[in-house]
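Okay, structure first, notes after.
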Amino acid sequence: MAKNKLDRFAELKRMAHVVEFGFHDLRKGQSPLRGKWRTAFFKNGNPLVLELGCGKGEYTIALAEKYPGKNFIGVDVKGARLHRGASNALEKNLNNAAFLRTRIDFINALFDEQEVDEIWITFPDPQIEKGRKRLTSPRFLQRYAHLLKPGGIIHLKTDSVLLHEYTKSVIAEEEHELIDASADIYSEPSKHDPLLTAIKTTYEKMFLEKGLKITYVSFRLKKDYAKDVTVFPLDFSGTEN
């Protein structure tokens, strides 16, 4: 019999490689793991990579398998989705894969300045009507700037032409460094990292079956981009978690 949501949520709370940080935790202050993910959680000094809006964690799992010398954390607010990725990590005995259930709005309370080496954003909600909520909007990029080490790369993989073009425009307008961009990664796979086509998320497979094109952008934030940004933007709008 398939587990219901309550069962999956209960299991998540028992999993040592899953951390939850919600609205009420934020009210109390920053996470005790902030600045200590490598030493206190993974217990090593390896690079730290985030997958934001990870869903079922396909990229977190696949990247952790591919790069055992790096630590990966899949971040999503949906517990039922995280359960799948967290369960797969256990089944595969991946000590370098973890999952964080939280709102991305709270990310600066969870990671310290320059604690993160790289960020993946895979098939996020394009927020057609609410541009400021897009995960590549200046509002969010400024938050990532606090987390990322200098030169840290941000990857965006999406089926949304709107989000793809919007992100490229933000990169140009904010004077970030564009590394790579493709309007259809499957039409020119040899020009990009093989991982882009080797790893397919559940949503990606659905989009491909519908004949949609999968786009990609990678870039670095310009130096000192976050110098005037509040480290803890307390945004309590929306649903509590």
Side-chain angles (χ1 to χ4, degrees), residues 17 19 21 26 29-54 57 59-76 94-100 102-122 124 134-158 167-168 170-181 192-193 195-196 199 216-233:
H17 65 306
V19 175
F21 189 88
L26 183 65
Q30 68 190 41
S31 167
L33 283 171
R34 187 175 186 267
K36 302 176 183 177
W37 284 93
R38 289 180 178 83
T39 57
F41 191 86
F42 288 105
K43 302 187 187 312
N44 61 49
N46 296 337
L48 184 63
V49 183
L50 304 184
E51 182 191 3
L52 302 181
C54 70
Y59 257 82
T60 298
I61 295 297
L63 290 171
E65 290 182 299
K66 177 75 172 178
Y67 300 106
K70 294 183 179 182
N71 302 316
F72 295 88
I73 302 177
V75 183
D76 206 299
L94 293 173
N95 296 321
N96 63 328
F99 291 88
L100 173 58
T102 191
R103 288 176 56 183
I104 296 173
D105 298 84
F106 303 163
I107 203 77
N108 294 109
L110 286 144
F111 297 94
D112 204 355
E113 187 173 357
Q114 298 185 17
E115 186 173 10
V116 175
D117 293 83
E118 194 171 352
I119 291 175
W120 281 84
I121 305 172
T122 52
R134 294 171 188 159
L135 295 186
T136 53
S137 69
R139 172 175 174 252
F140 278 99
L141 294 185
Q142 288 163 352
R143 294 176 181 182
Y144 309 155
H146 282 284
L147 313 178
L148 280 169
K149 289 186 175 180
I153 299 175
I154 299 175
H155 307 262
L156 170 69
K157 191 176 179 184
T158 177
T167 302
K168 289 199 300 179
V170 170
I171 293 169
E173 291 170 7
E174 301 287 312
E175 300 181 338
H176 301 308
E177 178 191 350
L178 178 65
I179 299 172
D180 191 11
H192 309 285
D193 189 323
L195 281 174
L196 292 179
I199 304 174
Y216 172 72
V217 177
S218 60
F219 59 102
R220 293 185 182 92
L221 299 176
K222 69 180 181 182
K223 186 178 179 181
D224 297 328
Y225 185 60
K227 63 181 179 181
D228 297 322
V229 180
T230 302
V231 175
F232 296 106

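Throughout, numbering of the chain's residues begins at 1 and tracks the sequence.
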Side chain to side chain contact (heavy atoms under 4.5 Å, CB included) assessment of Ile107 paired with Leu147: CA-CA 9 Å; Ile107 203 77; Leu147 313 178; 3.6 Å; yes
Under the 3.5 angstrom rule, does the side chain of [X] hit a backbone N or O of [Y] as a donor-acceptor pair?
X      : Y      : result
Thr102 : Phe21  : yes
Arg143 : Phe106 : no
Lys168 : Val217 : no
Asp180 : Ser218 : no
Asp117 : Leu48  : yes
Tyr225 : His176 : no
Glu115 : Trp37  : yes

Considering all heavy atoms, the nearest Lys149-Gln114 contact: CG-O, 3.2 Å
Minimal non-hydrogen separation, Ala97 against Thr60, with atom names: CB-CG2, 4.4 Å
Rounded to the nearest 0.5 Å, what separation is found between the [atom1] atom of [X] and the [atom2] atom of [Y]?
X      : Y      : atom1 : atom2 : result
Glu51  : Lys157 : CD    : NZ    : 10.0 Å
Cys54  : Phe72  : SG    : CZ    : 13.0 Å
Gln30  : Asn108 : CD    : CG    : 11.0 Å
Glu113 : His146 : CD    : NE2   : 7.0 Å
Glu65  : Leu94  : CD    : CG    : 5.5 Å

Out of [options], which one pairs with [X] under the side-chain contact (heavy atoms from CB on, under 4.5 Å) rule?
X      : options                        : answer
Ile121 : Thr158, Thr167, Ile154, Ile104 : Ile154
Leu52  : Ile73, Val75, Leu156           : Val75
Leu50  : Val116, Leu100, Asn71, Leu110  : Val116

With a 4.5 Å cut-off on side-chain heavy atoms, are [Y] and [X] touching?
X      : Y      : result
Val19  : Leu33  : yes
Pro150 : Lys223 : no
Val170 : Pro138 : yes
Lys66  : Leu195 : yes

Charged N-O contact under 4.0 Å between Lys36 and Asp112: no
Candidate pair Phe140 and Asp105, rule side chain to side chain contact (heavy atoms under 4.5 Å, CB included), full reasoning: CA-CA 8 Å; Phe140 278 99; Asp105 298 84; 4.0 Å; yes
For Tyr59, ring pair (Phe, Tyr, Trp, His ring centres under 6.0 Å) partners two or more places apart: Trp120
Parallel, tilted or perpendicular, as decided by the 30° and 60° cut-offs, for the rings of Phe99 and His17: perpendicular
For Glu177, salt bridge (charged side-chain N to carboxylate O under 4.0 Å, His left out) partners two or more places apart: Arg220
